[in-house]
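Not measured: the values here are computed from a predicted model.
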Amino acid sequence: MSADLDDTDRRIIDALLDNGRASASELAERAEIATATATKRLQRLEEDGIIDGYQPEVDYEAFGYDVTAVFRLDVDGAGLETVVADLRDAGDMIGVYEVTGSDDVVAVGKFENTEALNARIKSVLTHPEVRSARTSIVLDTVCEYDRLPVEAGE
């Protein structure tokens with residue numbers, strides 16, 4: 001897919017990463033192209049699945065999710081699919097990743113308080129496919145949901 005992207009596509013995507021609600025004329029200005037061209041390029045990027053929707057940035061603390069935790073799990077190989085599905089569906093995880101190294105799964109969750117976090121830890125620790133789990137509470141969020149520019153040379 002990325003081989004079909006040129007610098008104009010990348011400038012459009014970077015403009016959307018800065019402002020997902022940018023108008024076609026704003027995208028065109030950033031990409032230094034005509035508005036009609038920006039509209040056509042954007043439609044092609046969506047049709048090709050390179051842009052797969054638009055999501056708002058949410059301040060979870062405003063909703064009372066004051067505790068963020070990182071889970072690192074060692075999982076029985078046959079149970080990996082079940083564990084990641086259970087975490088994905090738990091309702092309090094914002095990211096679940098299958099990884100290489102000494103851990104099999106890394107997950108990041110948001111919780112209203114330490115009691116809710118404790119309940120999730122107990123649930124993870126008693127999961128029949130989880131061999132071991134380590135949890136870290138985030139003390140300070142330095143950056144979160146930062147977007148990586150896709151424009152060449154940046």
Side-chain angles (χ1 to χ4, degrees), residues 1-22 26-27 30-31 41-154:
M1 260 192 243
S2 62
D4 295 338
L5 297 178
D6 63 15
D7 286 341
T8 299
D9 293 325
R10 293 174 192 278
R11 286 192 301 270
I12 290 170
I13 293 168
D14 280 342
L16 283 171
L17 289 171
D18 285 342
N19 178 6
R21 296 179 64 148
E26 291 169 325
L27 296 175
R30 278 280 303 271
R41 293 280 189 122
L42 181 59
Q43 182 177 3
R44 182 182 52 80
L45 291 167
E46 291 171 344
E47 288 171 355
D48 290 348
I50 294 167
I51 296 174
D52 187 27
Y54 301 84
Q55 297 179 0
E57 291 183 27
V58 175
D59 177 1
Y60 286 99
E61 287 185 18
F63 291 93
Y65 293 96
D66 295 326
V67 180
T68 302
V70 179
F71 297 79
R72 294 173 312 282
L73 310 178
D74 179 20
V75 177
D76 176 50
L80 186 61
E81 189 174 324
T82 302
V83 170
V84 296
D86 289 349
L87 287 168
R88 180 192 59 229
D89 297 339
D92 48 21
M93 295 294 162
I94 60 168
V96 178
Y97 311 92
E98 293 180 22
V99 298
T100 62
S102 59
D103 299 315
D104 298 305
V105 176
V106 173
V108 178
K110 298 278 187 182
F111 305 91
E112 292 180 347
N113 50 47
T114 56
E115 290 81 18
L117 170 59
N118 190 35
R120 174 60 52 220
I121 290 170
K122 288 177 180 175
S123 171
V124 167
L125 287 173
T126 58
H127 194 291
E129 308 294 345
V130 174
R131 291 190 286 234
S132 68
R134 288 158 309 286
T135 307
S136 299
I137 296 174
V138 174
L139 298 176
D140 184 27
T141 302
V142 178
C143 65
E144 191 169 60
Y145 311 118
D146 283 1
R147 290 162 173 81
L148 300 174
V150 296
E151 190 169 358
E154 283 194 9

Considering non-hydrogen atoms only, spot the tightest contact between [X] and [Y] and give its length.
X    : Y   : answer
V150 : D14 : N-OD1, 2.7 Å
F111 : A69 : CE1-CB, 4.1 Å
E46  : Y54 : OE2-OH, 2.6 Å

Would you compute the distance between atom [atom1] of [X] and atom [atom2] of [Y] and round it to the nearest 0.5 angstrom?
X    : Y    : atom1 : atom2 : result
L125 : L73  : CG    : CG    : 8.5 Å
L5   : I50  : CG    : CD1   : 4.0 Å
D18  : I13  : CG    : CD1   : 12.5 Å
K122 : L117 : NZ    : CG    : 11.0 Å
D7   : I12  : CG    : CD1   : 11.5 Å

Verify the neighbour count for atom CD1 of I137: are there more than 12 heavy atoms of other residues, nucleotides or ligands below 6.0 Å?
no
With a cut-off of 6.0 Å (strictly less than), are more than 12 heavy atoms of other residues, nucleotides or ligands near CZ of F63?
no
Would you tabulate the side-chain donor-acceptor contacts of residues 92-101 under 3.5 Å, counting partners in other chains and residues two or more places apart, or write 'none'?
residue	atom	partner	partner atom	Å
D92	OD1	R120	NE	3.2
D92	OD2	R120	NE	3.0
D92	OD2	R120	NH2	3.2

Residue pair [X] / [Y], side-chain heavy-atom distance below 4.5 Å:
X    : Y    : value
L16  : L45  : no
T135 : V124 : no
F71  : I121 : yes
D6   : R41  : yes

With distance as the sole test, does D66 use its side chain to make a donor-acceptor pair with the main-chain N or O of N113 at under 3.5 Å?
no
Please check this pair: side chain of D140 against backbone of V142, looking for a donor-acceptor N/O pair closer than 3.5 Å.
no
Check: residues 75-90 side-chain donor-acceptor pairs under 3.5 Å, at least two apart:
residue	atom	partner	partner atom	Å
D86	OD2	H127	NE2	2.7

Anything under 30° is parallel, anything over 60° is perpendicular, the rest tilted; go ahead and classify Y60 against Y65.
perpendicular
Any side-chain donor near an acceptor of the partner, R72 and S102, under 3.5 Å:
no
Summary of salt bridge (Lys or Arg N to Asp or Glu O under 4.0 Å) pairs that have at least one residue in residues 51-62, sequence neighbours excluded:
E57-R147
Stepwise side-chain contact (heavy atoms from CB on, under 4.5 Å) check, R131 with D104:
CA-CA 10 Å; R131 291 190 286 234; D104 298 305; 4.2 Å; yes
